[in-house]
Amino acid sequence: MTGFPRLVEYASGHWRFVAMQLRLLKKEDKKMELQGGAMARGDRSDQDYERVTRGIRVSVSPHYLDDQSDPDEPRYVWAYTVRINNESERVVQLRTRYWRITDSRGVTDIVAGDGVVGEQPVIRPGEGFEYTSGAPLSTPSGVMVGTYGMETTDGEVFDVDIPAFSLDSPHEMRQIH
């Protein structure tokens, strides 16, 4: 799968990823066009999740990476693409990230730090930012949720919700009641 992150090292109990996709989206970028309230996608096997906070739309699309996963280890790996669109009237800068990643056994890992994939993008009204990163779990499913810390040009700091999204692999049978 080209364009997705690759595992590069294991240190301090965490896999580290190199983001392969990272770009600032301009107003005229057709990928920012919304259809039916969701980002247009051609791949029906993956689902987009969205949340809007104070005019900042965060869309997440997770993808299971079979070629990097090994159920016998057990190691299950997902890439997720995040699109952040500024639908507000103010310039914002993404300063921090906070992720809560929970596997199917209820084990939770917190990932927090400055920016995303080494960047602290400035996002002007009508523009957006997109990146792809990844998450490994030792169970075949889990969930991620979080916030981005944003700052306006006049120094106002606020959190933007990242929607909760499911990490599902084909290696788990689910029952729907």
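A cation-pi arrangement is absent between Arg83 and Phe129 under the rule of less than 6.0 angstrom and at most 45 degrees off the ring axis.
Among residue pairs with one or both ends in residues 131-143, none qualify as salt bridge (charged side-chain N to carboxylate O under 4.0 Å, His left out); sequence neighbours excluded.
Under the 4.0 Å criterion applied to side-chain N and carboxylate O atoms, Asp154 and Arg90 are assigned as salt-bridge partners. The existence of a salt bridge linking Arg54 and Glu156 is confirmed by a sub-4.0 Å separation between a basic side-chain nitrogen and an acidic carboxylate oxygen. Ion pairing of Arg75 with Asp70 is absent here, as no side-chain N (NZ or NE/NH1/NH2) approaches a carboxylate O to less than 4.0 Å.
In plain terms, the two heavy atoms of Arg97 and Asp114 that are nearest each other are NH1-O, 2.9 Å. In this structure, Ser104 and Pro140 approach most closely via the heavy-atom pair OG-CD, 4.4 Å. Of all heavy-atom pairs between Asn85 and Gly128, the closest is OD1-CA, 3.8 Å. Residues Leu137 and Ser141 share a closest heavy-atom pair of CD1-O, 3.5 Å. The heavy-atom pair separating Ser138 from Asp103 by the smallest distance is OG-OD2, 4.0 Å. Minimum heavy-atom separation, Val143 to Ala164: CG2-CB, 4.4 Å.
Residues Ile101 and Thr108 have side chains not in contact (no heavy-atom distance under 4.5 Å, counting atoms from C-beta outward). Side-chain contact between Ser133 and Val82: absent, with no pair of heavy atoms (C-beta onward) separated by less than 4.5 Å. Annotation: side chain of Val91 is in contact with side chain of Arg124 (closest heavy-atom distance under 4.5 Å). Side chains of Val160 and Val58 form a contact here, defined as non-hydrogen atoms less than 4.5 Å apart.
Rounded to the nearest 0.5 Å, atoms CD1 (Ile56) and CG (Asp159) are 12.5 Å apart. Atom CD1 of Ile110 sits about 12.0 Å away from atom CH2 of Trp99, to the nearest 0.5 Å. With values rounded to the nearest 0.5 angstrom, Ser59 atom OG is found 11.5 Å from Ile162 atom CD1. Atom CG of Asp66 is separated from atom OG of Ser169 by 9.0 Å, given to the nearest 0.5 angstrom.
Side-chain contact, Ser61 with Thr81: no donor N or O sits under 3.5 Å from an acceptor N or O.
Residues passing the side-chain hydrogen bond (donor to acceptor under 3.5 Å, both in side chains) test with Gln93, sequence neighbours excluded: Arg95. For Tyr76, the side-chain hydrogen bond (donor to acceptor under 3.5 Å, both in side chains) criterion is met by no residue, not counting sequence neighbours.
Tested against Met150 for a side-chain contact (heavy atoms from CB on, under 4.5 Å), the candidates Thr96, Ile84, Thr53 yield a single pass: Ile84.
Ring centroids of Trp78 and Phe165 are separated by 6.0 Å or more, keeping the two rings apart.
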*asked:* As a quick check of understanding, evaluate side chain to side chain contact (heavy atoms under 4.5 Å, CB included) for Tyr131 and Glu119, giving each step before the final call.
replied: CA-CA 10 Å; Tyr131 73 95; Glu119 299 285 326; over 6 Å; no

